[in-house]
Amino acid sequence: DIVCLQEIELPTFTKDFGDFLSQHGYDFVIQDDKNRANGHITGVATLFKKSKFEKPVYTNSRSRALLAGLKFIKPDHFEQKEGEIIPDIIHVGNVHLEGHPSKVQERFSQTKSLLQTFQKHQKQETQWSSANSSLIICGDFNETYYEPSHRLLSAGRLDGAYMEEIKGLIERRKGKLNLSDFQHEYRLCSVHCEHTRPLSTFYAPGFQLDQLDFIYFSSPSFRLLGVMQTTTPEEQKEVLQNFLPTATLPSDHLPVGAILQ
């Protein structure tokens, strides 16, 4: 129903894929960052099934993310239980965070900015609260599960050794930060646990194997039904030997996916 792509070519994406996607029942929005440097032609795109969602009620292009509010088309047989609050809008954040391995502080700032922007949009909803928000954040985080951005998303706050990793950011913004800069109100979960995490989603010579691509969802609003297997055993063997891309896996990252209800 929702597909998030990273590193698309912005000038040609609509021409290359617009008709194809429409024929297969998809509409899409692409990143439109007005501050993008000249010559920087790649960005992200969020695809959605036209039979499931109306046109986005908003889009917001950040330097490293695209936010979109997708209004759910409720089917005729849809029944809402008495007292149950089901948000009409699913808020989707499609990210491709700063890529240099040493830029941990930049990725943390990009993640925190994403959460703050989501909250501004969601507070316009009449029945909004962080407890019933429908939020999905996914994409290429360019860092592992054990780094500050993921700690912030999964635990809701930063503390201990994680604060040490972003001390440079704290020092640069001395006097301009408070406790709210290191926590958020959402209850987010990764679709992968220790037993279902892929060995890696990025295979390249000279790089440590690890998962860099993730899907987070707000646990009060969604129920996780299944997680996509990133490779077959045969494909896993091939990428361990020859890295990515391959003839059957044409990207330098493996896709991640999940079924959420």
Side-chain angles (χ1 to χ4, degrees), residues 1-8 31 43-47 62-68 70 90-101 103-118 133-158 162 165-166 183-184 186-204 207-231 236 239 244 249 251-261:
D1 294 337
I2 300 172
V3 180
C4 293
L5 304 175
Q6 296 83 45
E7 291 194 83
I8 66 161
Q31 192 177 11
V44 304
T46 299
L47 289 51
R62 316 293 293 175
S63 63
R64 287 287 181 166
L66 171 63
L67 290 69
L70 302 180
I90 296 178
H91 301 266
V92 181
N94 181 358
V95 307
H96 185 197
L97 301 186
E98 173 63 49
H100 196 285
K103 294 194 174 182
V104 176
Q105 298 164 21
E106 285 80 356
R107 286 190 290 274
F108 175 81
S109 292
Q110 291 160 3
T111 302
K112 192 66 178 74
S113 176
L114 175 75
L115 292 168
Q116 290 171 333
T117 306
F118 265 132
S133 63
S134 295
L135 184 64
I136 297 172
I137 300 175
C138 61
D140 178 3
F141 286 77
N142 272 316
E143 69 177 23
T144 72
Y145 185 74
Y146 303 102
E147 295 184 69
S149 292
H150 293 288
R151 180 65 177 179
L152 176 68
L153 290 172
S154 60
R157 66 186 185 280
L158 277 196
Y162 293 97
E165 290 194 52
I166 61 166
Q183 62 185 31
H184 64 82
Y186 299 107
R187 287 183 283 169
L188 300 175
C189 297
S190 170
V191 301
H192 295 99
C193 65
E194 287 296 326
H195 303 295
T196 61
R197 285 182 59 211
L199 173 64
S200 182
T201 59
F202 179 67
Y203 293 81
F207 285 86
Q208 180 180 344
L209 295 180
D210 216 323
Q211 183 179 2
L212 302 180
D213 305 85
F214 298 84
I215 302 171
Y216 285 91
F217 65 96
S218 51
S219 57
S221 297
F222 291 107
R223 186 158 59 100
L224 179 63
L225 300 183
V227 179
M228 185 181 78
Q229 185 177 355
T230 55
T231 61
Q236 181 79 74
V239 296
L244 287 171
L249 300 167
S251 172
D252 60 345
H253 285 246
L254 294 175
V256 292
I259 301 173
L260 299 172
Q261 184 182 62

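Keep in mind that the numbers below use all heavy atoms, side chains included, and drop hydrogens, waters and symmetry copies.
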Between [X] (side chain) and [Y] (backbone), is there a donor-acceptor pair under 3.5 Å?
X      : Y      : answer
Ser109 : Gln105 : yes
Gln31  : Val44  : yes
Glu143 : Arg107 : no
Arg187 : Ser218 : no
Asn94  : Gln6   : no
His91  : Leu67  : no

Side chain to side chain contact (heavy atoms under 4.5 Å, CB included) between Tyr145 and Ser154, intermediate numbers included:
CA-CA 9 Å; Tyr145 185 74; Ser154 60; 4.1 Å; yes
Looking at Leu188 and His184, what are the two nearest heavy atoms and their distance?
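For Leu188 and His184, the tightest heavy-atom pair comes out as CD1-CE1, 4.0 Å.
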Between atom CZ of Arg151 and atom CG of Leu158, what is the distance when rounded to the nearest 0.5 Å?
8.0 Å
Evaluate Asp252 against Phe207 for side chain to side chain contact (heavy atoms under 4.5 Å, CB included), listing each step before the verdict.
CA-CA 12 Å; Asp252 60 345; Phe207 285 86; over 6 Å; no
What's the verdict on side chain to side chain contact (heavy atoms under 4.5 Å, CB included) for Gln110 and Arg62, showing C-alpha distance, side-chain angles and the deciding distance?
CA-CA 9 Å; Gln110 291 160 3; Arg62 316 293 293 175; over 6 Å; no
Going by the side-chain contact (heavy atoms from CB on, under 4.5 Å) test, name the single residue among Asn142, Thr144, Thr111 that passes it with Ser149.
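Of the listed residues Asn142, Thr144, Thr111, the side-chain contact (heavy atoms from CB on, under 4.5 Å) partner of Ser149 is Thr111.
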Side chain to side chain contact (heavy atoms under 4.5 Å, CB included), that's the test. Do Val256 and Val191 meet it? Break it down for me.
CA-CA 9 Å; Val256 292; Val191 301; over 6 Å; no
Side-chain atoms of residues 208-217: list all donor-acceptor pairs with protein atoms under 3.5 Å, sequence neighbours left out, distances to 0.1 Å.
residue	atom	partner	partner atom	Å
Asp210	OD1	Arg197	NH2	3.2
Gln211	OE1	Arg197	NE	3.2
Gln211	NE2	His192	ND1	3.2
Gln211	NE2	Asp213	O	2.8
Asp213	OD1	Thr201	OG1	2.6
Asp213	OD1	His253	ND1	2.8
Asp213	OD2	His253	ND1	3.3
Tyr216	OH	His150	ND1	2.7

